[in-house]
Asker: 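Below is one structure. I have some questions about it.
Labels below follow one simple rule: chain letters A, B, ... track the order of the sequence lines, proteins then strands, and each chain is numbered from 1. The figures that follow rest on heavy atoms only: side chains count, while hydrogens, waters and symmetry mates do not. Keep in mind that this is a model prediction, so the values were computed, not measured.
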Number of protein chains: 2
Amino acid sequence: MLHVAEAARVSVATVSALLNGTATVSPELTQRIEQAIRDIGYKRNAIARSLKMGTTRTIGLTVPHITNPFFTDVVSVIQQAFDRAGYAVMLCCTDEDLNTQDEQIRLLLDRMVDGLIVARVGDGGILKSIVEDANVPVVLLDRLCEGVDTDAVVLDNQRAVFDAVTYLIHLGHRRIGYITGTSDISPMHDRMIGYREALQAAGLPVAEELIRSGNFHEIDGYNATMQLLSLHDRPSAIFSANNPMVIGTMKAIRDIGLSCPEDISVACFDDFPWSDVFVPQLTTVAQPVQAIGEQAANLLLDRLAGNRDAPPRKLVLKGRLMIRNSCRPLGAVAQSVSA
Amino acid sequence: MLHVAEAARVSVATVSALLNGTATVSPELTQRIEQAIRDIGYKRNAIARSLKMGTTRTIGLTVPHITNPFFTDVVSVIQQAFDRAGYAVMLCCTDEDLNTQDEQIRLLLDRMVDGLIVARVGDGGILKSIVEDANVPVVLLDRLCEGVDTDAVVLDNQRAVFDAVTYLIHLGHRRIGYITGTSDISPMHDRMIGYREALQAAGLPVAEELIRSGNFHEIDGYNATMQLLSLHDRPSAIFSANNPMVIGTMKAIRDIGLSCPEDISVACFDDFPWSDVFVPQLTTVAQPVQAIGEQAANLLLDRLAGNRDAPPRKLVLKGRLMIRNSCRPLGAVAQSVSA
DNA sequence: TGACACGTTCGAAACGTTTAGATTAGCGTT
DNA sequence: AACGCTAATCTAAACGTTTCGAACGTGTCA
């Protein structure tokens, strides 16, 4: 900017004023400055600007795994939304590990991000104090966090699983296996409640041996399914509360020589692009990824626009049961089941 | 830092020296400073640091679509690699659009990223001049760029498709449909050559009506497949040069009332996690995503470490044909086909 | 004609670091 | 006692912006 100012024979203050439109500058100087900018190929240094202004127009986004199709989609939507608003997005993957998450958040904060969207992991950690300090606004994505009172957008997980399991019950299933991730994050907790309540509402017992948990990975789903299938009274249906784990479920079913839906019905959380192309077409609970991403972005953008004092807002969206053909009716059962 | 210095009754220079280890500071002052840092909860401002140092320890990464599983995986690997090296990653999606890409790159450059990894789109644009200016190192990912001479890691696309199509030929297929993305990017160009050469090597004619192109999206694959299947002498196999488009292919096959592999064989580029779980299990060309991501990261990290003058390095990796059961042998053909 | 307001431009301080070079203190040598 | 050397510390100038308040010229009004 100094060079531009010299070339145009004006002060840096005038160049800055023109660039930011913060003061009127005469047509003559405007022309000289613009010419100088072109000649020199000048680019404003955003770092210096950030230092002075105290804002980076950059936000941080952390997710457990970007390869989980749910997060992939949401990240994509959020990225677009901030892009439109002229913000850059720093992406971090926390690998379902609290220490990693804390490190990543520190990294982002060091870089003075203006805001944070966090699909958290573990419980609390550094997040709590950041929200309390209230220097940078935080939006929780997908997962609430005990004791951390801030904007959030989540799914009505309990209701979604309730509906899905109720659907299975209507199909005639009585013993329904349930595979969950570690229950220290709110969605897993809520989904489990939905499962139990659906059974109870139908007057069915909750058999604890039908509930297995794992660490979100394919292999965990595989192992859990193997265990379920080797029970002497094995379930006729399995609901997987997590998408990557259902891949393991399908592999286990195949490896054990059974087939879906003939021998065992399967449904899972989170839809994915291939779900209605292959056989079996998986029945899933689809999250409104577009809405989730946009709402999260909007919440944060609103804070960034200056609305700092409003009380925390919690948005709860509804899932949608995508009924396909991976679950079959059992025994003599009414065929008409609506979602 | 000023506050810390005051609280510890030292100068800011001493604090800086301690923090960076650039000079020895006496145990006494060390202790006072560390105490003050704890008391105040001081965090070094990375923006000010960047301004002074001229480095942000942040890199920019642009991909066409993060929802394409190939890019999802590569992004994940790259993110981890830079994370380990203490760099942050700014992610941008260019949506297969050159203007968007140019905008995104400008955004990243404005923010003074130390380096750029680009899975480019369109041809050239602003990229050429950036590489020529040589201020920030650029690594091309997955796609070369005419006239842009810089580090790159790509697949041997031609060979990979050659192998896949040769495999189909060995199975007895003579009319093999080919669905490609727009051919202005190098992989699509090279893959097409691989297709043609495989046919020629087997002494088969290249029938132009069997080659269809689209814009990388599911719907394009759908339309292309519909056209192929309505030819009076329709192909017995289809190879899709792009992963999202193969979803369209599968849907089209289903909608037209055919089934894979009984009526038509299908293979495609890029593997994905579900490929061996569902029916049909798709035969694919798997890219070594881990290696691609790591190599790209290494190339850039090496430049960032100061190795600026070495001539551009181009890494070419090999794809791997994952033979599953979406392609069936045709007529009287030797059954033993190896990859 | 002098006072005043207005529109345009500028000088200089500030943002929070790093770092070159100056300063100081301590200590051993001669 | 004067000197030089080393180690520890400090002063102050950068980095490239934004912005406050001052300065300047011009036109308006009493």
Asker: Given C/dG16, D/dT17, C/dT18, identify the nucleotide with an atom nearest to the side chain of B/Met1.
Answerer: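 Of all the options, the side chain of B/Met1 is nearest to C/dT18.
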
Asker: Apply side-chain contact (heavy atoms from CB on, under 4.5 Å) to residues A/Thr58 and B/Arg111 and explain how you reach the verdict.
Answerer: CA-CA 9 Å; A/Thr58 300; B/Arg111 282 177 173 68; 3.0 Å; yes

Asker: Measure CE/A/Met112 against P/C/dG16 and give the value in whole Å, please.
Answerer: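 Rounding to the nearest Å, CE of A/Met112 and P of C/dG16 are 9 Å apart.
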
Asker: Does atom CG of B/Asp309 have more than 12 heavy-atom neighbours, drawn from other residues, nucleotides or ligands, at distances under 6.0 Å?
Answerer: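 No, the 6.0 Å shell around CG holds no more than 12 heavy atoms from other groups.
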
Asker: Going 5' to 3' through nucleotides 4-12 of chain D, assign each nucleotide B (protein heavy atom under 4.0 Å from a base atom), S (under 4.0 Å only from sugar-phosphate atoms) or - (no protein heavy atom that close).
Answerer: ----SSBB-

Asker: Taking only the side-chain nitrogens and oxygens of A/Arg49, find out if one of them lies under 4.0 Å from OP1 or OP2 of D/dT18.
Answerer: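 For D/dT18, OP1 or OP2 has a side-chain N or O of A/Arg49 closer than 4.0 Å.
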
Asker: Taking all non-hydrogen atoms of both residues into account, name the closest pair between B/Gly86 and A/Leu107 and its distance.
Answerer: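 That closest heavy-atom pairing would be O-CD1, 4.3 Å.
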
Asker: Any donor-acceptor pair under 3.5 Å linking the side chain of A/Thr62 with the backbone of A/Thr94?
Answerer: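 Here the side-chain-to-backbone pair does not exist.
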
Asker: Take atom CG of B/Leu19 and atom P of C/dT19, then tell me their distance rounded to the nearest Å.
Answerer: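 Atom-to-atom, B/Leu19 to C/dT19, this comes out as 12 Å.
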
Asker: In whole angstroms, how far is the C1' atom of C/dT18 from the CD1 atom of A/Ile47?
Answerer: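 Nearest whole value for this atom pair: 16 Å.
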
Asker: Rounded to the Å, how far apart are A/Leu18 CG and D/dT18 C1'?
Answerer: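 A/Leu18 atom CG is separated from D/dT18 atom C1' by 14 Å.
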
Asker: I want to check something: taking the side chain as every heavy atom from C-beta on, are A/Glu294 and A/Val77 in contact at a cut-off of under 4.5 Å?
Answerer: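 The answer is yes; the side chains approach within 4.5 Å.
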
Asker: Check the distance between C/dA14's C1' and A/Lys52's NZ and give it to me in whole angstrom.
Answerer: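 For the pair A/Lys52 NZ and C/dA14 C1', the rounded distance is 4 Å.
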
Asker: For the residue pair B/Gln35 / B/Arg38, report whether a side-chain donor-acceptor contact shorter than 3.5 Å exists.
Answerer: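 Looking only at side-chain atoms, B/Gln35 and B/Arg38 do form a donor-acceptor pair, the distance falling under 3.5 Å.
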
Asker: Can you check the B/Asn45 CG to C/dC15 P distance for me, whole Å?
Answerer: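 Going from B/Asn45 (CG) to C/dC15 (P), I get 12 Å.
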
Asker: Tell me the interatomic distance from A/Leu2, atom CG, to D/dA14, atom P, rounded to whole angstroms.
Answerer: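 Nearest whole value for this atom pair: 12 Å.
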
Asker: Check the pair A/Leu91, B/Leu61 against side-chain contact (heavy atoms from CB on, under 4.5 Å), reporting the backbone distance first and the verdict last.
Answerer: CA-CA 10 Å; A/Leu91 175 70; B/Leu61 171 60; over 6 Å; no

Asker: Figure out the CZ/P separation between B/Arg44 and C/dT19, and round it to whole Å.
Answerer: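 Whole-Å distance recorded here is 10 Å.
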
Asker: Take A/Val138 and A/Val148 through the test side-chain contact (heavy atoms from CB on, under 4.5 Å) and record every step on the way to the result.
Answerer: CA-CA 10 Å; A/Val138 175; A/Val148 175; 5.9 Å; no

Asker: Can B/Glu28 and B/Arg9 be counted as an ion pair, charged N to O under 4.0 angstrom?
Answerer: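 No salt bridge links B/Glu28 with B/Arg9.
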
Asker: Going by number, which of residues 31-43 of chain A have a non-hydrogen atom under 4.0 Å from DNA chain D?
Answerer: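 A/Tyr42, A/Lys43, in order of number.
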
